[in-house]
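Reviewing the structure listed below.
Convention: sequence-line order gives letters A, B, ...; per-chain numbering from 1.
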Number of protein chains: 4
Amino acid sequence: MPSPTPDPARRSDRARSSILSATRERLAEVGYAKLTIEGIASRAGVGKQTIYRWWPSKGAVVFDAILDASLGPDGSTTLPDTGELEADLRTVMRGIVGELADPATDRMQRAVLAELQLDPPLATELLERLLRPQTDAFADRLCRARDAGQVRDDLDPSVAVELFLGPVFHRWLLRTAPLDEAFADRVVEHALAGLAPR
Amino acid sequence: MPSPTPDPARRSDRARSSILSATRERLAEVGYAKLTIEGIASRAGVGKQTIYRWWPSKGAVVFDAILDASLGPDGSTTLPDTGELEADLRTVMRGIVGELADPATDRMQRAVLAELQLDPPLATELLERLLRPQTDAFADRLCRARDAGQVRDDLDPSVAVELFLGPVFHRWLLRTAPLDEAFADRVVEHALAGLAPR
Amino acid sequence: MPSPTPDPARRSDRARSSILSATRERLAEVGYAKLTIEGIASRAGVGKQTIYRWWPSKGAVVFDAILDASLGPDGSTTLPDTGELEADLRTVMRGIVGELADPATDRMQRAVLAELQLDPPLATELLERLLRPQTDAFADRLCRARDAGQVRDDLDPSVAVELFLGPVFHRWLLRTAPLDEAFADRVVEHALAGLAPR
Amino acid sequence: MPSPTPDPARRSDRARSSILSATRERLAEVGYAKLTIEGIASRAGVGKQTIYRWWPSKGAVVFDAILDASLGPDGSTTLPDTGELEADLRTVMRGIVGELADPATDRMQRAVLAELQLDPPLATELLERLLRPQTDAFADRLCRARDAGQVRDDLDPSVAVELFLGPVFHRWLLRTAPLDEAFADRVVEHALAGLAPR
DNA sequence: GGCTAAGCGAGACGGTACGTCTTGTCTTTAG
DNA sequence: CTAAAGACAAGACGTACCGTCTCGCTTAGCC
């Protein structure tokens, strides 16, 4: 009888990483909509069953493929803290805008985002493992600013973070207008004004 | 040989509207990922070719189905203007939050949004026909407020609108935290503070 | 209410003959299996309904198309009668072999024959209108030979005819061996020997 | 990517034989013209692709289905040889007539024959595998008769066989007249007379 | 010589089947 | 005894035609 729950200890690392690489390659080549398990398996030189054994869905593979690529060094995230709040936020926001505007990552990001809408459990996991560290870091920086008296003292970090990220993300997502550093700067300016000490 | 460019004058309205209704029904029942053209056709009592004759893709049908449902009376959109800027914006934002939080529309909205990520031309059309009127109305209200001296006079409407909609949308999309009226109120408060006359 | 039984008096001759021509053209071009009503209609510059109005099936159209081409002058058929029985039969049989071997008619003949197997009423009609006159003429010639004492006097014409036509047809149909004039001659020789006066 | 040339060694015998059975069942139920691949697949409990993987066309499946049914024991064919030539041939010819007249096989035979007209490669294969053994056996019997001095010594077996089979086949095919044992007997009588030693 | 009923061209419609593609499972084969 | 290769059942894809059904537009033939 084949084991219904495969033993992770015996998992082949070669297979795993070639599947994730192949996924990223196919994703870049044909896009998410035309991505197929068979295509990944054949590119990775792997049997389909080896994919089905370890991942429950196409979305999960893609998700892991992207996670695998993002998590370069250790996974910890911190924002710069030079004391100059507005300058620091500008740096971060410009970085985000730059990444979103990069055509190479754009396609992949949209693919994952699309998948997230249709697969809530996946959304939750990605939220916790990728997004949460970033928003937490953002919130941390704002809390330090609050302790330094640079923003109002009744600051709600979870709301404040969205004041910064929301506009940028909204514009990227819906393509309502060009997404550039000037826009990032203006968002920082206004959001910060909205958080100013009374 | 079938005509490569069908004649819109001969189009059957019965077929068109039953297809759009069936699309909405199936979308609500099985979700976007499991939505099939065959399912729509069979539910609508329509031949598949009748769908393929008038729409190029599944996304386009869904798009029209949603547009068809949204465009009730005329299509014009205006925001309330009682003179009380913050109260007006609160009303609007609470409405948006309410709509996004409604499970019935939530699924459909996410489906369309996912599709938009993978089909830029569709995104452009939806932007122009559904979203633009709403953001324009929003911008209009803010411009009137500026003329009344309620916000700073160097206001850039395209940026300002995103300060309000972005955070709400971001939270809905990524499910980072509960989306409720209290959050809507806080976003309005902070965004308005950020736009206050200097 | 549309007339369920169209009025033959008002039938357009232009439509009729262009349909039959188009049928023959398409038949020669793509063969019977890939022949379509839509193809015929479009080639004939005719609406599909005009075909469906006058013919019940594809087979019927093809049948008429072929009949229309075969019935050149009057329709009467007679075999040569020079008194030399064997020579006369050889002439006729060589003619039949020549026609069957002609690639132009071969395809059309096989198409009709195939259709006949699947549509008995059609088979009956074709038998009466096309084949019967030919076999009757053949039988006539043999009866005259019998009266002249050239063949046995208990001759059954309906059997005798098949002794001549059967072998030729069988070989053509099943392609068991090359079909040529030499074969025709040998069939005549043997069949005639089998019918010789005792 | 599916293999373009499937590996016969891995072929499922269960699928193969249930497809052939289902084909015969559907053929008997609805006839050749209304026979569909989808119908066969669904009756056989088989995916359509499994049919398309192993057969190029509907005709080929039907062909194999019939071959599969005809080739009961070993496939070798011999004619009776009691020394009484005319009696032996009568036995054989009556058998053929009986088989053709049986309504159960009639439909199937006509279906295959129709298909053969439209698909020459299929015709060739069937000729070699089904028909040739039978005509060869027939020719063998006649050669033995020639060696025994019962027929003329310049006998051409390939012609002689058609003298017997042709008339029967012609009558069956074109339904020119009733096909019964009396006819079979008369054909034997005449054909044999035509082959008598000079 | 208009009137009107039919045939006509065109082609959209509800359907069926096509042949292809992908999914997720199950089986065979080679290392 | 694992994992590649790939056959399998299932079913959606998008296309081609089917036969029916309106449409306007000729086009007879009766008034």
Study note, to complete from the structure: Sorted by number, residues from residues 36-46 of chain D placing a heavy atom under 4.0 Å from DNA chain E are Thr36(D), Ile37(D), Glu38(D)
Point to revise | With Glu125(A) via salt bridge (Lys or Arg N to Asp or Glu O under 4.0 Å) - residues at least two apart | key: Arg129(A)
**Study point:** Distance, rounded to the nearest Å, where Asp7(B) contributes CG and dG9(E) contributes P
**Key:** 19 Å
**Study point:** Side chain proximity check, Leu113(D) to Leu113(C), heavy atoms < 4.5 angstrom
**Key:** yes
Review point. Looking at side-chain heavy atoms only, is the closest gap between Tyr52(D) and Ile37(D) below 4.5 Å?
Key: yes
Check your understanding: What parts of residues 20-35 of chain B reach DNA chain F, counting only heavy atoms under 4.0 Å away?
Key -> none
Study note, to complete from the structure: Across all chains, not counting sequence neighbours, the side chain to side chain contact (heavy atoms under 4.5 Å, CB included) partners of Ser21(C) are Arg24(C), Glu25(C)
Exercise for review: Report which part of the nucleic acid Arg53(C) touches: base, sugar-phosphate, or nothing (heavy-atom distance under 4.0 Å, all strands).
Suggested key: base
Exercise for review: Would you mind listing every side chain to side chain donor-acceptor pair (under 3.5 Å) that reaches into residues 55-66 of chain D, with sequence neighbours excluded?
Suggested key: Trp55(D)-Asp64(D)
Review point. Which salt bridge (charged side-chain N to carboxylate O under 4.0 Å, His left out) pairs, counting each pair once, include a residue from residues 12-21 of chain D, with sequence neighbours left out?
Key: Arg16(D)-Asp68(D)
Study note, to complete from the structure: CG (Asp106(A)) and CZ (Arg110(A)) are apart, to the nearest 0.5 Å, by 4.5 Å
Check your understanding: Atom CG of Leu27(C) and atom CD1 of Ile66(C): how far apart are they, to the nearest 0.5 Å?
Key -> 6.0 Å
Practice item. For Ala15(A), check side chain to side chain contact (heavy atoms under 4.5 Å, CB included) against everything at least two apart and list the hits. Key: Ser12(A), Val46(A), Thr50(A)
Check your understanding: 5'-most contact on DNA chain E: Asp13(C) or Ser57(A), nearest heavy atom basis?
Key -> Asp13(C)
Review point. Taking atom P of dG6(F) as reference, at what distance in whole Å does atom CD1 of Ile51(A) sit?
Key: 15 Å
Review point. Quick one: on DNA chain E, does Pro8(C) or Pro56(D) contact a more 5' nucleotide (nearest heavy atom)?
Key: Pro8(C)
Practice item. Answer with base, sugar-phosphate or nothing: what part of the nucleic acid does Trp54(D) contact at a heavy-atom distance below 4.0 Å? Key: sugar-phosphate
**Study point:** From dA3(F), dC8(F), dA12(E), nucleotide with atom closest to Thr50(A) side chain
**Key:** dA3(F)
Study note, to complete from the structure: Those residues at least two apart in sequence (or on a different chain) that pass side chain to side chain donor-acceptor pair (under 3.5 Å) with Glu38(D) are Lys48(D)
**Study point:** Residues that Arg26(C) engages under side chain to side chain donor-acceptor pair (under 3.5 Å), provided they are two or more places apart
**Key:** Glu29(C)
Point to revise | Short side-chain N/O contact to dA12(E) OP1/OP2 from Ser12(B), under 4.0 Å | key: no
Point to revise | Whole-Å gap separating C1' (dG24(E)) and CH2 (Trp55(A)) | key: 16 Å
Exercise for review: Produce a footprint string for nucleotides 20-31 of chain F: one letter per nucleotide, 5' end first; B if the base is under 4.0 Å from any protein heavy atom, S if only the sugar-phosphate is, - if neither.
Suggested key: BBB----BB---
Practice item. Could you state the atom-to-atom distance from NZ of Lys58(B) to P of dA12(F) in whole Å? Key: 11 Å
